[in-house]
Amino acid sequence: MSLQVIGDPVLHSKSPVIHGAMLAALGLDIPYTAHVVRRGELPEYLFWAKTNGVTGFNATMPHKEDLIPLLDEIHPAAKAVGAVNTVCLRHGRWTGFNTDGGGAVAALKDGLGMDPNRLTVTLLGAGGAAKAAALALSQAGAKQVFICNRTLGRAEELCAHDPLKRLTPAAFDVDTLSNLAAKSQLLVNCTNLGMEGCPSQFEDFAFLNALPSAAGVFDLIYHPAETELLAQARRRGLRTLNGLPMLVNQAVLALEHFLDRSLDRRPMAAVATNALRGEGT
Ligand code: NAP
């Protein structure tokens with residue numbers, strides 16, 4: 001039995017550190033390694049993995065969507081998102097899951113003490129991470145989630161995927177963001193703005209002024225540990241959370257799928273967080 005993370009690039013992935021630490025804490029001698037798989041090579045990889053004792057793998061760029069038609073079964077949450085990040089071999093069949101949304105909700109509960117149930121949320125972005133987070137928030141009972149995106153059509157498309165109809169598309173200009181922030185208890189950034197290496201930044205942080213004083217600001221980015229958005233929110237006295245707890249919690253949920261058993265989530269997340277801190281993350 002062995003586990004992997006596949007992608008291209010993938011050698012920078014934190015997954016081997018996170019999973020390695022959790023497996024060691026559980027006393028399991030199961031190797032977890034990073035494996036470069038280029039776009040277009042998935043069918044060969046799936047054959048190779050099945051015949052070489054790989055019982056599960058995580059997938060990152062550029063495979064999360066491309067895997068969907070190649071797997072034998074897709075969990076409903078992953079089907080709704082249209083992407084998988086965790087694949088397990090069950091009775092000879094490849095089964096795909098998406099744990100990003102569950103990781104985001106778990107991070108919110110642990111990091112900000114917020115249960116999405118009945119929350120009104122302003123969510124920035126409509127890419128892959130936004131879709132996973134937004135659908136999970138809706139599923140977890142959020143009252144309304146405004147999906148604000150530079151490309152409005154993408155926000156509209158994302159909202160159309162929500163069977164519960166709790167997502168509302170919106171524009172990304174500062175006036176719209178301010179109007180929606182005033183109605184929200186939580187603001188979630190799922191754009192790349194502020195990420196290390198991203199050349200762009202928010203043009204104006206005035207929308208943060210409109211958030212109620214008890215609101216939380218959750219940035220999915222974890223490099224840097226404090227984005228300018230979080231720094232600006234902190235200076236305004238708002239509660240903040242970066243993307244590290246989401247990264248760690250999506251891994252705990254993935255490991256539950258790999259091992260096909262439930263784990264004590266918080267101690268596992270703590271083990272993974274400590275391992276990342278030891279690595280300087
Ligand atoms: P993606 O699919 O490429 O989506 C990027 C989003 O950012 C889109 O909504 C895009 O808007 C928006 N955007 C990019 N540049 C912009 C700009 N200059 N102005 C306004 N909007 C802009 O990326 P993703 O995979 O969803 O990832 C998004 C972020 O989440 C990344 O920073 C990633 O590191 C983070 N993330 C964190 C975790 C975690 O575990 N913590 C997991 C996954 C992702 P358009 O649609 O208009 O292009």
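Side chains are part of it too, since the values below use all heavy atoms of this structure and drop only hydrogens, waters and symmetry mates. Just follow the structure's listing: the first ligand is 1, and inside any ligand the first atom is 1.
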Subject >> Intermediate values then yes/no, side chain to side chain donor-acceptor pair (under 3.5 Å), D8 and H63 >> reply: CA-CA 9 Å; D8 183 25; H63 302 311; over 6 Å; no

Original post:
Where do T176 and D173 land on the side chain to side chain donor-acceptor pair (under 3.5 Å) test, with the steps shown first?
Top reply: CA-CA 6 Å; T176 304; D173 60 279; 2.7 Å; yes

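With ring centers used as reference points, F207 lies under 6.0 Å from F202. A distance below 6.0 Å separates the ring centres of H35 and Y45.
Contact residues of ligand 1 (protein heavy atom closer than 4.0 angstrom to a ligand atom; sorted by chain and number): G125, A126, G127, G128, A129, N149, R150, T151, R154, F172, C190, T191, N192, L193, M195, S200, L220, I221, Y222, G243, M246, L247.
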Run the side-chain donor-acceptor check on residues 130-145: report pairs under 3.5 Å with partners two or more places apart or on a different chain.
unit_1, atom_1, unit_2, atom_2, d
K131, NZ, V81, O, 3.3
S138, OG, D162, OD1, 2.9
S138, OG, D162, OD2, 3.1
Q144, NE2, T168, OG1, 2.9

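L276 is listed as a side-chain neighbour of L244, based on a closest heavy-atom distance under 4.5 Å.
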